[in-house]
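Written below as structure tokens is the structure these notes are about.
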Amino acid sequence: MNLPIIAIMYDFDRTLCTRDMQEYQFIPSLGMEASEFWQEANGLAHKEHMDGILAYMYVMIMRAKEKGIELSRDTLVSMGNKVELFPGVDEWFDRINEYGRMQNVKIEHYVISSGLKEIIQGSKINDAFTEIFASEFYYGENDNAVWPKAAVNYTNKTQFVYRINKGVLDISNDVDLNKSMPEDSKRVRFSNMIYIGDGLSDVPCMKMVKAYGGSSIAVYQNGEKEKVDELLTKGRVDFTYPADYRENSGIDITVKNLIRKMSIEETLFVENVKQHRETVH
């Protein structure tokens with residue numbers, strides 16, 4: 001018996017880890033402060049009317065080249081072990097998966113991030129994810145980054161929600177992504193989705209999931225509650241919690257409640273479809 005699927009989607013930087021992932025090891029290796037690096041990248045984007053994600057990836061390539069730093073896939077993956085996770089993230093996935101099994105549903109976890117796929121793959125939670133949608137470099141013959149292979153910006157994040165919905169996870173496959181598909185044949189219904197992010201960059205996904213019947217949660221660190229409270233009051237998210245994923249924390253309790261609710265609604269949905277089909281035939 002195939003269990004119904006509930007997809008939990010996460011931003012990564014400042015949602016699961018405490019800072020932008022480049023700040024743990026890559027930016028210090030350049031001899032730069034984080035603020036200095038981001039000021040350069042954002043300044044380039046503004047000056048050249050350039051996508052902000054492409055701008056930071058370009059600055060990474062050029063600065064690494066200037067400093068004689070090898071910007072290979074293996075180098076970036078190795079930087080993932082320096083990523084600092086929020087409390088409870090380490091054991092979060094196994095605990096939520098087990099709770100899903102208790103509710104007769106299968107939980108799948110996805111990352112949708114403007115950060116780097118390579119660094120996420122080097123983190124200790126890489127194996128928790130069904131798929132990681134994030135920015136990524138293309139590597140030349142010497143295995144150094146030469147070009148952006150994928151750039152996930154704030155608005156095109158929403159395409160990955162559709163990919164999860166339809167089960168079209170290969171980002172090069174746009175044909176199947178754009179095909180019409182009956183709601184009851186989609187792999188993960190929107191109402192079985194939970195999106196967890198930390199701020200304005202996640203708003204398009206948060207609003208989309210919420211509008212289609214799923215749930216969105218904004219997390220925050222100390223001193224940032226006011227920022228996410230605005231998302232709540234403007235109806236962009238359903239809940240806000242501190243970025244504390246330990247058992248019995250606010251987000252832990254609410255996500256479990258959402259899973260239980262979605263499990264019940266899935267049972268009712270299946271029964272409704274069954275009765276309609278019996279009536280037609």
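Formation of a donor-acceptor pair under 3.5 Å by the Thr254 side chain with backbone atoms of Ile251 is not found in this model. No donor-acceptor distance shorter than 3.5 angstrom exists from the side chain of Ser191 to the backbone of Gly214, with no hydrogens or angles considered. Using a distance-only test at 3.5 Å, with no hydrogens or angles considered, no donor-acceptor pair links the side chain of Ser216 to the main chain of Asp238. Side-chain atoms of Tyr24 come within 3.5 Å of backbone atoms of Arg19 as a donor-acceptor pair (strictly under, hydrogens ignored). Of the possible polar contacts, one joining the Asn97 side chain to the Phe93 backbone as a donor-acceptor pair under 3.5 Å is found. At distances below 3.5 Å, at least one donor-acceptor pair connects side-chain atoms of Asp244 with backbone N or O atoms of Arg246. The backbone N or O of Ser123 sits nowhere less than 3.5 Å from a side-chain atom of Asn126 that would complete a donor-acceptor pair.
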Let me have the donor-acceptor pairs involving side chains of residues 219-226, under 3.5 Å, with sequence neighbours excluded, atom names and distances please.
residue: Gln221; atom: NE2; partner: Thr18; partner atom: O; Å: 3.0
residue: Lys225; atom: NZ; partner: Asp229; partner atom: OD1; Å: 3.2
residue: Lys225; atom: NZ; partner: Asp229; partner atom: OD2; Å: 2.9

Please tabulate, one pair per line, all N/O donor-acceptor pairs under 3.5 Å involving side-chain atoms of residues 101-108, not counting sequence neighbours.
residue: Arg101; atom: NE; partner: Glu98; partner atom: OE1; Å: 3.1
residue: Arg101; atom: NH2; partner: Glu98; partner atom: OE1; Å: 3.0
residue: Lys106; atom: NZ; partner: Glu108; partner atom: OE2; Å: 3.4
residue: Glu108; atom: OE1; partner: Tyr110; partner atom: OH; Å: 2.5
residue: Glu108; atom: OE1; partner: Arg187; partner atom: NH1; Å: 2.9
residue: Glu108; atom: OE2; partner: Arg187; partner atom: NH1; Å: 3.4
residue: Glu108; atom: OE2; partner: Arg187; partner atom: NH2; Å: 2.8

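Between Ala134 and Ile120 the shortest heavy-atom distance is CB-CD1, 4.1 Å. Heavy-atom minimum distance, Leu76 versus Ile119: O-CG1, 3.5 Å. Scanning all heavy atoms of the two residues, the minimum distance from Ile164 to Ala7 falls at CG2-CB, 3.8 Å.
Listed by first then second residue, pairs satisfying salt bridge (Lys or Arg N to Asp or Glu O under 4.0 Å) with a partner in residues 47-57 number zero, not counting sequence neighbours. Within the structure, every pair that satisfies the salt bridge (Lys or Arg N to Asp or Glu O under 4.0 Å) test and touches residues 141-152, not counting sequence neighbours, is listed here: Glu136-Lys149. For residues 197-211, the pairs satisfying side-chain hydrogen bond (donor to acceptor under 3.5 Å, both in side chains) are Thr15-Asp198, Lys157-Asp202, Tyr195-Asp202, with sequence neighbours left out. The salt bridge (Lys or Arg N to Asp or Glu O under 4.0 Å) contacts involving residues 125-134 comprise Lys117-Glu131, where partners must be two or more places apart or lie in separate chains.
Ring geometry, Phe137 versus Tyr139: the interplanar angle exceeds 60°, so the pair is classed perpendicular (tilted spans 30 to 60°).
Residues passing the ring pair (Phe, Tyr, Trp, His ring centres under 6.0 Å) test with Tyr162, sequence neighbours excluded: Phe190. Residues that satisfy the salt bridge (charged side-chain N to carboxylate O under 4.0 Å, His left out) test with Lys124, not counting sequence neighbours, are Asp90. Residues satisfying the ring pair (Phe, Tyr, Trp, His ring centres under 6.0 Å) test with Phe26, not counting sequence neighbours, are none. With sequence neighbours excluded, no residue forms a ring pair (Phe, Tyr, Trp, His ring centres under 6.0 Å) with Tyr58. For the ring pair (Phe, Tyr, Trp, His ring centres under 6.0 Å) test, residues two or more places apart in sequence or in another chain that qualify with Phe160 are Phe133. Taking Glu266 as the reference, Arg189, Asn192 meet the side-chain hydrogen bond (donor to acceptor under 3.5 Å, both in side chains) condition, with sequence neighbours excluded.
For Tyr56 and Phe37, the ring centers sit 6.0 Å or farther from each other. For Tyr245 and Tyr10, the ring centers sit 6.0 Å or farther from each other.
Partner of Met60 under the side-chain contact (heavy atoms from CB on, under 4.5 Å) criterion, out of Ile69, Leu116, Leu30: Leu116 alone.
No hydrogens or angles considered: a donor-acceptor pair under 3.5 Å links the side chains of Trp38 and Glu23.
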- Message: Applying side chain to side chain contact (heavy atoms under 4.5 Å, CB included) to Trp92 and Ile125, what does each step give before you reach the verdict?
- Response: CA-CA 10 Å; Trp92 164 265; Ile125 57 174; over 6 Å; no

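Remark: Asn144 CG to Glu70 CD distance equals 5.5 Å, nearest 0.5 Å. Atom CD1 of Ile196 is separated from atom CG of Asp11 by 10.5 Å, given to the nearest 0.5 angstrom.
Salt-bridge annotation for Asp174 and Arg163: present, with a side-chain N of the basic residue lying under 4.0 Å from a carboxylate O of the acidic one.
For Lys186, the NZ atom sits in a packed shell: over 12 heavy atoms of surrounding residues, nucleotides or ligands are nearer than 6.0 Å.
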